[in-house]
Amino acid sequence: MKILVLGSGGREHALCWKLAQSPDVQVFAAPGNPGMARVATCISQAGSFLEVAEQIGADLTVVGPEVPLVNGVVDEFRAKSKLIVGPDRNAARLEGSKIFAKRFFAQSGIPTAGFATADNETEARAALDRFGFPVVLKADGLAAGKGVVIAQDRAQAEAALSQLKGRLVIEEFLRGEEVSFIALCDGRDVIPLAPTQDHKAVFDGDKGPNTGGMGAYCDSAILAEAETQQILRTIIYPAMDATNFTGFLYAGLMLTADGPKALEFNVRLGDPETQPLMHRMQSDFAPVLLAAAEGKLATARIEWRREPSVCVVLASGGYPGEYETGKPITGIDDAQAAGAEVFHAGTRLGPAGLETSGGRVLGVTARGHDLRDAIRNTYAAAKQIHFDGMHYRNDIGRKGIERYNRNNVGT
């Protein structure tokens with residue numbers, strides 16, 4: 001079976017790495033990256049994604065990033081009877097517009113934070129008066145994970161209004177623990193993936209501006225089974241049933257004292273959540289993806305390793321602000337020899353070899369017999385890698401350790 005993965009980041013490298021382990025599967029990537037080229041055939045994109053799929057005779061296509069989904073790539077493929085994993089253009093609006101998503105939550109009875117919408121800065125200032133502080137401001141459209149500001153006071157809110165242009169959502173600040181809950185859907189049935197936790201802020205302790213994600217971990221202890229079932233019943237199934245959703249529905253959740261509430265929906269796998277998910281998944285993923293594209297998820301299953309997996313993102317100096325590229329990268333082989341998988345996110349081949357080409361450069365991913373051990377193994381591998389300006393958070397997974405300690409006080 002020929003499987004085409006669309007995209008060029010760490011999420012897509014992890015997908016290709018996992019699918020390359022499937023028997024009788026040939027993996028292609030468009031456009032791919034140097035890491036993906038080690039496990040897949042990368043195709044420089046001269047035409048559309050559909051033309052690439054037809055050129056190689058792809059039996060199945062899996063979409064990584066959100067932009068092609070919002071632009072209707074799934075509709076194009078289905079019009080030509082090509083199997084593809086993802087939502088149609090209509091359902092992709094759940095990620096393409098924060099305003100659309102929040103109104104959808106309200107109309108569908110999906111628990112979420114209180115909110116107001118604003119078409120301009122004047123309306124936004126008026127809406128701010130309805131909320132206390134901290135307050136959350138979100139740009140309406142796609143923003144690569146960086147269109148959210150948590151303002152602690154009025155001055156920060158005013159600064160955010162000058163930064164976030166266009167239509168906005170202004171939202172109640174929810175207290176609790178964030179969880180990334182991703183479910184594979186076929187319009188009728190759902191397979192929840194293992195729970196993950198992302199780390200959006202650039203600095204330790206969730207300080208500094210938001211990024212696309214500085215690391216994530218995958219651990220079954222993040223959610224109890226009762227919480228998983230509550231999320232499926234109150235959030236995932238209502239959304240799928242209302243939109244006939246197909247593909248990966250990613251609910252960014254806050255676990256509040258009143259139960260799980262939806263912060264946002266994405267319509268694809270998360271990045272960097274995909275890296276620890278693929279690393280921890282034990283099952284062959286290719287048949288599951290094929291079942292999703294064919295509307296046959298009812299009989300599909302996914303098995304997970306008991307051991308948690310952790311991914312730490314190595315970023316360029318200055319990210320998420322301005323950063324330089326073209327910095328030589330060393331130590332990847334040493335990191336992999338230490339037991340990690342290193343997923344490429346922003347790399348390219350330069351005159352002297354591998355070099356940086358993006359803000360988030362690599363995702364170092366490892367497992368351990370428990371979360372503490374997985375964290376230790378991941379950071380030991382990350383320390384083997386170097387490029388000028390490299391920075392990373394030192395506390396990925398720490399919330400999981402703190403949760404474990406809270407739950408086992410006195411035991």
Side-chain angles (χ1 to χ4, degrees), residues 5-15 31 33 35-36 63-70 92 94-96 98 101 136-150 160 163-164 178-182 196-204 206-218 248 250-253 263-278 310-325 342-348 356-365 378 382 387 389-397:
V5 175
L6 305 185
S8 61
R11 163 184 49 218
E12 292 79 30
H13 184 184
L15 271 169
N33 67 35
M36 295 162 76
V63 187
E66 60 274 18
V67 172
L69 295 168
V70 171
L94 289 169
E95 179 167 4
K98 296 290 190 296
V136 183
L137 297 91
K138 297 180 177 180
D140 178 48
L142 297 178
K146 291 173 279 190
V148 177
V149 174
I150 300 173
Q163 172 193 336
L164 302 173
E178 285 195 53
V179 173
S180 299
F181 190 96
I182 304 173
T196 53
Q197 190 169 60
D198 188 14
H199 300 67
K200 285 288 188 190
V202 66
F203 300 128
D204 289 4
D206 294 331
K207 304 297 184 185
N210 268 8
T211 69
M214 292 298 292
Y217 68 99
C218 179
F248 294 102
Y250 166 163
L253 305 176
L263 298 174
E264 65 177 6
F265 273 172
N266 296 319
V267 298
R268 36 71 192 182
L269 284 164
D271 188 344
E273 292 95 335
T274 304
Q275 289 86 314
L277 277 166
M278 296 301 106
V310 174
C311 173
V312 172
V313 169
L314 311 184
S316 293
Y319 176 81
E322 293 184 6
Y323 55 85
E324 295 181 353
T325 61
V342 181
F343 297 116
H344 293 225
T347 68
R348 67 188 178 210
T356 66
S357 67
R360 294 187 295 169
V361 179
L362 300 166
V364 181
T365 308
T378 304
F387 53 86
M390 182 180 91
H391 69 98
Y392 54 88
R393 281 183 60 159
N394 293 284
D395 63 348
I396 304 300

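Keep in mind that the numbers below use all heavy atoms, side chains included, and drop hydrogens, waters and symmetry copies. Everything quoted here is computed from the prediction, not taken from an experiment.
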Relative to each other, are the rings of His13 and Phe343 parallel, tilted or perpendicular (30° and 60° limits)?
perpendicular
Would you say the side-chain atoms of Asp140 pair up with the backbone N or O of Lys98, donor to acceptor, closer than 3.5 Å?
yes
Holding to side chain to side chain donor-acceptor pair (under 3.5 Å), I want the full list of residues that pass it with Lys138, two or more places apart in sequence or in another chain.
Glu171
Here the gap from Lys200 atom NZ to Ile150 atom CD1, rounded to the nearest 0.5 Å, amounts to 11.5 Å
The criterion is salt bridge (charged side-chain N to carboxylate O under 4.0 Å, His left out); which residues satisfy it with Glu273, sequence neighbours excluded?
none
Take Thr356 and Thr347 through the side-chain contact (heavy atoms from CB on, under 4.5 Å) test and state the conclusion after the steps.
CA-CA 5 Å; Thr356 66; Thr347 68; over 6 Å; no
Working for side-chain contact (heavy atoms from CB on, under 4.5 Å), residues Val179 and Thr196
CA-CA 6 Å; Val179 173; Thr196 53; over 6 Å; no
Using a 4.5 Å cut-off on heavy atoms from C-beta on, say whether the side chain of Lys207 contacts that of Val202.
no
Passes side-chain contact (heavy atoms from CB on, under 4.5 Å), Asn210 versus Val149? Steps please.
CA-CA 7 Å; Asn210 268 8; Val149 174; over 6 Å; no
How close do Ala382 and Val364 get, heavy atom to heavy atom, and via which atoms?
N-CG1, 3.9 Å
Which atom pair, heavy atoms only, marks the closest approach of Pro272 to Gly212?
CD-O, 4.1 Å
Ile182 side, atom CD1; Thr274 side, atom OG1 - distance, nearest 0.5 Å
5.5 Å
Just grab all the salt bridge (Lys or Arg N to Asp or Glu O under 4.0 Å) pairs involving residues 310-320, residues at least two apart or on different chains.
none
Tell me, please, which residues at least two apart from Tyr323 pass side-chain contact (heavy atoms from CB on, under 4.5 Å).
Ser316, Tyr319, Thr325
Measure the spacing between CZ of Arg348 and OG of Ser357 and express it to the nearest 0.5 Å.
5.5 Å
Can you tell me how far CG of Leu69 sits from CG of Leu6, rounded to the nearest 0.5 angstrom?
8.5 Å
Would you confirm whether Arg11, through its side chain, and Leu269, through its main-chain N or O, come within 3.5 Å as a donor-acceptor pair?
yes
Value for CE (Met36) from NE2 (His344), rounded to nearest 0.5 Å, stands at 11.0 Å
Can you name the nearest heavy-atom pair linking Ala201 to Gly208, along with the distance?
CB-O, 3.9 Å
Distance, nearest 0.5 Å, that separates CD of Glu66 from CG of Leu94:
13.5 Å
Please enumerate all residues that pass ring pair (Phe, Tyr, Trp, His ring centres under 6.0 Å) together with Phe265, with sequence neighbours excluded.
Phe105
Pairing residues for Asn266 by the side chain to side chain donor-acceptor pair (under 3.5 Å) criterion, not counting sequence neighbours:
none
How close do Ser8 and Pro31 get, heavy atom to heavy atom, and via which atoms?
CB-CG, 3.9 Å
Residues in side-chain contact (heavy atoms from CB on, under 4.5 Å) contact with His199, at least two apart in sequence or another chain
Tyr217, Arg393, Ile396
Glu324: salt bridge (charged side-chain N to carboxylate O under 4.0 Å, His left out) partners, not counting sequence neighbours
Lys327
Take Val148 and Val136 through the test side-chain contact (heavy atoms from CB on, under 4.5 Å) and record every step on the way to the result.
CA-CA 7 Å; Val148 177; Val136 183; 3.8 Å; yes
